[in-house]
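As structure tokens, the structure follows; a few thoughts come after it.
Hydrogens, waters and symmetry mates play no part in the numbers below; they use all other heavy atoms, side chains included. We count residues from 1, following the sequence as given.
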Amino acid sequence: VQLQASGGGLVQAGGSLRLSCAASGQTWSAMGWFRQAPGKEREFVSATTWSGGMIYYTDSVKGRFTISRDVAKNTVYLQMNSLKPEDTAVYFCAGRISTAGAYYSRRYSNPTSYDYWGQGTEVTVSS
């Protein structure tokens, strides 16, 4: 089982980045993106059921970030536009293999709802 996150980098405020998470070795029910800034706890960013039927965002990224998935490539993307310095963090992708039903719909933002984690990719937004 492997989750390989990539696409991070240094970008100026207002710029864009696209993160990718290549997932292998399992049948996934949902994928999520979390981030952790220096000195802060890991926080939820966005998630999608693998079917694409349900998509979630934290309020601070709504309208700027878009999560999507390519089923054929087993890859989930996070398109990040209008980046702000406060988006600076290490971004982690996470995968869930248990069913993504009613329980998940209430707990998608909880890290414990995910079974596997990628290694993280660093995003730095300069002002």
Side-chain angles (χ1 to χ4, degrees):
V1 177
Q2 187 174 21
L3 296 175
Q4 185 72 36
S6 62
L10 173 63
V11 65
Q12 288 188 330
S16 299
L17 284 173
R18 189 177 79 156
L19 305 184
S20 300
C21 178
S24 62
Q26 278 290 352
T27 300
W28 307 98
S29 64
M31 301 293 292
W33 286 97
F34 289 74
R35 65 188 179 186
Q36 188 166 16
K40 295 187 177 181
E41 293 187 353
R42 190 169 298 190
E43 66 169 353
F44 169 77
V45 177
S46 181
T48 179
T49 54
W50 196 248
S51 67
M54 298 300 293
I55 289 177
Y56 308 97
Y57 297 99
T58 192
D59 286 345
S60 64
V61 308
K62 285 180 180 177
R64 301 189 297 122
F65 291 11
T66 303
I67 192 170
S68 62
R69 83 268 184 270
D70 186 326
V71 175
K73 294 183 178 180
N74 253 17
T75 299
V76 175
Y77 303 99
L78 186 68
Q79 177 67 43
M80 307 187 297
N81 298 329
S82 302
L83 282 162
K84 304 176 181 180
E86 50 264 44
D87 295 318
T88 294
V90 177
Y91 284 69
F92 299 87
C93 61
R96 177 178 173 89
I97 59 174
S98 307
T99 56
Y103 175 85
Y104 176 74
S105 68
R106 297 190 300 271
R107 298 180 60 82
Y108 58 85
S109 63
N110 193 317
T112 63
S113 295
Y114 300 87
D115 304 295
Y116 296 94
W117 290 81
Q119 85 288 1
T121 184
E122 189 167 3
V123 172
T124 303
V125 184
S126 63
S127 57

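When all heavy atoms of Ile55 and Ile67 are compared, the pair lying nearest together is CG2-CG2, 3.5 Å. Here the shortest heavy-atom pairing between Ala23 and Leu3 reads CB-CD2, 3.4 Å. Heavy atoms only, all atoms of each residue included: Ala100 and Thr49 are closest at CB-CG2, 4.0 Å. In plain terms, the two heavy atoms of Ala89 and Ala37 that are nearest each other are CB-N, 3.7 Å.
Residue Lys73 holds its NZ atom at 15.5 Å from OG of Ser24, rounded to the nearest 0.5 Å. Interatomic distance, CG of Asn81 versus CG of Leu17, reported as 9.5 Å (0.5 Å rounding). Atom OG1 of Thr66 sits about 14.0 Å away from atom OH of Tyr77, to the nearest 0.5 Å. Atom OG1 of residue Thr48 and atom OH of residue Tyr57 lie 8.0 Å apart, to the nearest 0.5 angstrom. The CE atom of Met31 sits 8.5 Å away from atom OG1 of Thr75, with the distance rounded to the nearest 0.5 Å. Remark: Tyr116 OH to Arg96 CZ distance equals 12.5 Å, nearest 0.5 Å.
Cation-pi contact between Arg42 and Phe34: absent, since separation from the ring centre below 6.0 Å together with deviation from the ring axis within 45° is not met.
Between the Thr121 side chain and the Gly8 main chain, a donor and an acceptor come within less than 3.5 Å of each other. Formation of a donor-acceptor pair under 3.5 Å by the Arg107 side chain with backbone atoms of Ser113 is not found in this model. Distance alone, capped at 3.5 Å, places no donor-acceptor pair between the Ser127 side chain and the Pro85 backbone. Judged by distance alone, the side chain of Gln119 and the main-chain N or O of Ala5 form a donor-acceptor pair under 3.5 Å. In this structure a side-chain-to-backbone donor-acceptor pair under 3.5 Å is missing from Thr124 to Thr88.
Residues Ser16 and Gln79 form a side-chain contact, since some pair of their non-hydrogen atoms from C-beta on lies under 4.5 Å apart. Between Arg69 and Asn74 there is no side-chain heavy-atom pair separated by less than 4.5 Å. Within the 4.5 Å cutoff, the side chain of Thr58 has no heavy atoms near those of the Phe65 side chain. Within the 4.5 Å cutoff, side-chain heavy atoms of Asp115 are placed close to those of Ser98.
If you chain together hydrophobic residues whose side chains sit under 4.5 Å apart, Val45 and Val11 fall into the same group. Note on Val1: it clusters hydrophobically with Trp50, by side-chain heavy-atom contacts below 4.5 Å among ILVMFWY residues. No continuous path of ILVMFWY side-chain contacts below 4.5 Å connects Trp117 to Val76, so the two sit in separate hydrophobic clusters. Under a hydrophobic-cluster definition in which Ile, Leu, Val, Met, Phe, Trp and Tyr are linked whenever side-chain heavy atoms come within less than 4.5 Å, directly or via other members, Tyr103 and Trp28 are assigned to different clusters.
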Inset, instruction - List the steps, then state whether side chain to side chain contact (heavy atoms under 4.5 Å, CB included) holds for Tyr91 with Met80. - result: CA-CA 12 Å; Tyr91 284 69; Met80 307 187 297; 3.9 Å; yes
Legend entry - Criterion side-chain hydrogen bond (donor to acceptor under 3.5 Å, both in side chains) on Tyr104 and Tyr114, from CA distance to verdict: CA-CA 9 Å; Tyr104 176 74; Tyr114 300 87; 2.7 Å; yes
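Evaluated for a side-chain contact (heavy atoms from CB on, under 4.5 Å) with Arg35, the options Val90, Leu19, Leu78, Asp87 yield exactly one hit, Asp87.
Residues Phe44 and Trp33 place their aromatic rings such that the two centres sit no closer than 6.0 Å.
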